[in-house]
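Notes follow once the structure below has been shown.
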2 protein chains.
Amino acid sequence: MTTLTDVTESATSKGEQTRELILSTALRLFREQGYGKTTMRAIATEAGVSVGNAYYYYSSKDHLMQAYYDHLQDQHRDAVESILAAETSFVPRLTGVLRTWLEVAAPYHEFAGTFFKTAADPKSPLSPFSDQSRPAREASVEIFRRVVDGSDLKLPAELKAELPELLWLMQMGIVLFWVHDDTEDLHRTKALIDRSVPLVDRLLRLTRIPGVRGVVNDLVGLIRSIKP
Amino acid sequence: MTTLTDVTESATSKGEQTRELILSTALRLFREQGYGKTTMRAIATEAGVSVGNAYYYYSSKDHLMQAYYDHLQDQHRDAVESILAAETSFVPRLTGVLRTWLEVAAPYHEFAGTFFKTAADPKSPLSPFSDQSRPAREASVEIFRRVVDGSDLKLPAELKAELPELLWLMQMGIVLFWVHDDTEDLHRTKALIDRSVPLVDRLLRLTRIPGVRGVVNDLVGLIRSIKP
DNA sequence: CCGACGACTTGAACATGTTCAAAAACCAGT
DNA sequence: ACTGGTTTTTGAACATGTTCAAGTCGTCGG
């Protein structure tokens, strides 16, 4: 299991070291006092650099969040590996991947609200639909593609091709639920995952019924038509 | 069809007049130059009051958006009346209600991005899931309840009871799509509405198939369990 | 008319994200 | 070691949302 300070591990050149120092300081402060209460001045002071220097490496406070998000993605990708290697049935694969996200993101739960606030702005590079977050998005969809491909699911090809993106969308929904979930130990979000995944599984198996098939095809067609 | 300046119609006391003046000035500037570029100072100057005075009536810039949102809701509720009165089949009823939203909100399309940015913050009173926006949300769900109840849809009772909230959620999704839609004349969002509504209709009719019925019941159960 | 009380209004002051011109540090190439 | 250029660093200045102590106005009981 990786930790936060890992971000400094791969530091090499002088400039890179400063960059990583600023990032890890920022993330620590975000975690300790929340995003809103953490000022750029505080980040700079704690990191032992000037305000302007922080802006030299991160052109805005939001970009520090972007960096955090990328870091989170990496952690999730790594943490999910063992599940994808060991498990072959669809339900535990998907459940595992989604619950792993919760674990990885847990330390930042409170701060995540502000993150998604920024991400909701279509003009922000942090928007999950923006061009700039395409790499992160595709990396995330890739995880779900592996969930599907490595499982015992039998599905019509067109649906199987779209499914990873749909699961990614499902995760977006769960994340939205998560940021609003202030129950102890996040048990409502966990319950949502544990109950919705089997439901998805049953829904997918329903596509064998002829009457359902036509609707699903239209649905896939609709999704294709609105995607780009 | 009501217009923006209507907000001043019901003005009575001195204070109320100033309040409405500030709001209409703010909305005009938001529309003309976007939310970000409109400063509180500009609003105050244009309205002929001091900055502090604007804060006396609206405790933050976000609250001016909240007020805008309420205004939008009212307009939508009124504009939808004729459709609900004239039409009895489900598809045109729902399509009409959704497209009417587009028309009412159109002048604020660009500014809406910023609106949903704020609304995405779980701690913001503008969040569609917050306590403070409960009245607006319930009013909106009420519209969809009328869409369902006044239509020729035949559905199992449990599903019919949950459907209005599901349609409200669908509208949230469409709005999310809308804020990202920068095509000419919003034709992608319109296409989404025109194609997804018949699909929803067909999906709902599928619930008559016994195999589907069980899954739908579980789905309704899941939704109920996570609602409060 | 007086005074007092609340509603309203003001603008300067504050906090914080961001910019930028200048200084410092660093790094060849000679 | 010197010089020219590039990278990095600095901190003061700026823009803008927000607060607040003080002022003004309107009204109502006496």
Side-chain angles (χ1 to χ4, degrees), chain A residues 8 11-27 29-30 32-68 111 113-115 117-121 123-126, chain B residues 8 11-30 32-68 111 113-115 117-119 121 123-126:
Chain A
T8 60
T12 52
S13 78
K14 181 70 185 310
E16 282 307 299
Q17 270 183 22
T18 310
R19 165 179 240 111
E20 311 283 9
L21 174 63
I22 292 169
L23 177 58
S24 58
T25 305
L27 293 189
L29 291 180
F30 287 166
E32 285 173 8
Q33 7 172 282
Y35 183 79
K37 297 219 180 103
T38 303
T39 70
M40 290 300 285
R41 285 166 181 79
I43 294 170
T45 305
E46 282 279 307
V49 300
S50 70
V51 191
N53 202 6
Y55 275 93
Y56 180 77
Y57 290 104
Y58 297 93
S59 55
S60 74
K61 199 179 172 187
D62 285 354
H63 272 67
L64 283 165
M65 260 201 303
Q66 172 77 286
Y68 148 70
F111 152 53
T114 317
F115 175 76
K117 167 180 166 140
T118 308
D121 183 356
K123 276 164 294 187
S124 162
L126 278 90
Chain B
T8 59
T12 51
S13 78
K14 181 72 182 310
E16 282 308 300
Q17 269 184 21
T18 308
R19 164 180 240 111
E20 311 284 8
L21 174 63
I22 292 169
L23 177 58
S24 58
T25 304
L27 293 189
R28 177 170 61 79
L29 292 180
F30 287 166
E32 285 173 8
Q33 6 172 287
Y35 183 79
K37 298 220 178 101
T38 303
T39 70
M40 290 301 284
R41 284 167 181 79
I43 295 171
T45 305
E46 282 279 308
V49 301
S50 70
V51 192
N53 200 205
Y55 276 91
Y56 180 76
Y57 291 103
Y58 298 93
S59 55
S60 75
K61 198 179 172 186
D62 285 354
H63 272 67
L64 282 165
M65 261 201 303
Q66 172 76 285
Y68 148 71
F111 150 54
T114 316
F115 175 76
K117 167 179 167 142
T118 308
D121 183 355
K123 276 164 293 187
S124 162
L126 276 92

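Labels below follow one simple rule: chain letters A, B, ... track the order of the sequence lines, proteins then strands, and each chain is numbered from 1. Every heavy atom of this structure was used, including side-chain atoms; hydrogens, water molecules and symmetry mates were not.
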Legend entry - Spacing of A:Lys61 atom NZ relative to C:dG17 atom P, expressed in whole Å: 4 Å
Inset, instruction - State whether A:Thr18 places a side-chain N or O below 4.0 Å from either non-bridging phosphate oxygen (OP1 or OP2) of D:dT9. - result: yes
Inset, instruction - Round to a whole Å and report the spacing from CE of B:Met40 to P of C:dT10. - result: 14 Å
Inset, instruction - Tell me whether the OP1 or OP2 atom of D:dT10 has a side-chain N or O from A:Tyr55 closer than 4.0 Å. - result: no
Inset, instruction - Could you tell me whether A:Val51 contacts a base, only the sugar-phosphate backbone, or nothing, with contacts defined as non-hydrogen atoms closer than 4.0 Å? - result: base
Inset, instruction - Indicate whether OP1 or OP2 belonging to D:dT8 is found under 4.0 Å from a side-chain N or O atom of A:Asn53. - result: no
Inset, instruction - For the residue pair B:Tyr68 and B:Phe111, categorise the inter-ring angle as parallel (less than 30°), tilted (30 to 60°) or perpendicular (more than 60°). - result: tilted
Legend entry - Separation of D:dT16 C1' from B:Phe30 CZ (nearest whole Å): 13 Å
Legend entry - For atom CG of B:Asp62 and atom P of D:dT16, their distance in whole Å: 17 Å
Legend entry - Atom pair distance, as rounded to whole Å: OH in B:Tyr56 and C1' in D:dT18: 17 Å
Inset, instruction - Starting from C1' on D:dC14, measure out to CZ on B:Arg41 and report it in whole angstrom. - result: 11 Å
Legend entry - Presence of A:Thr39 side-chain N/O under 4.0 Å of C:dA15 phosphate oxygens OP1/OP2: no
Inset, instruction - Please state how far atom CZ in A:Arg19 lies from atom P in D:dT9, giving the value in whole angstrom units. - result: 11 Å
Inset, instruction - Give the rounded distance in Å between these two atoms: CD of B:Gln17 and C1' of C:dC8. - result: 14 Å
Inset, instruction - Any chance you could measure B:Leu21, atom CG, to B:Ile43, atom CD1, to the nearest 0.5 Å? - result: 11.5 Å
Legend entry - Distance (rounded to the nearest 0.5 Å) between A:Thr39 OG1 and A:Gln33 CD: 8.0 Å
Inset, instruction - Flag the pair A:Tyr35 / A:Lys61 as yes when at least one side-chain heavy-atom distance between them is below 4.5 Å, and no otherwise. - result: yes
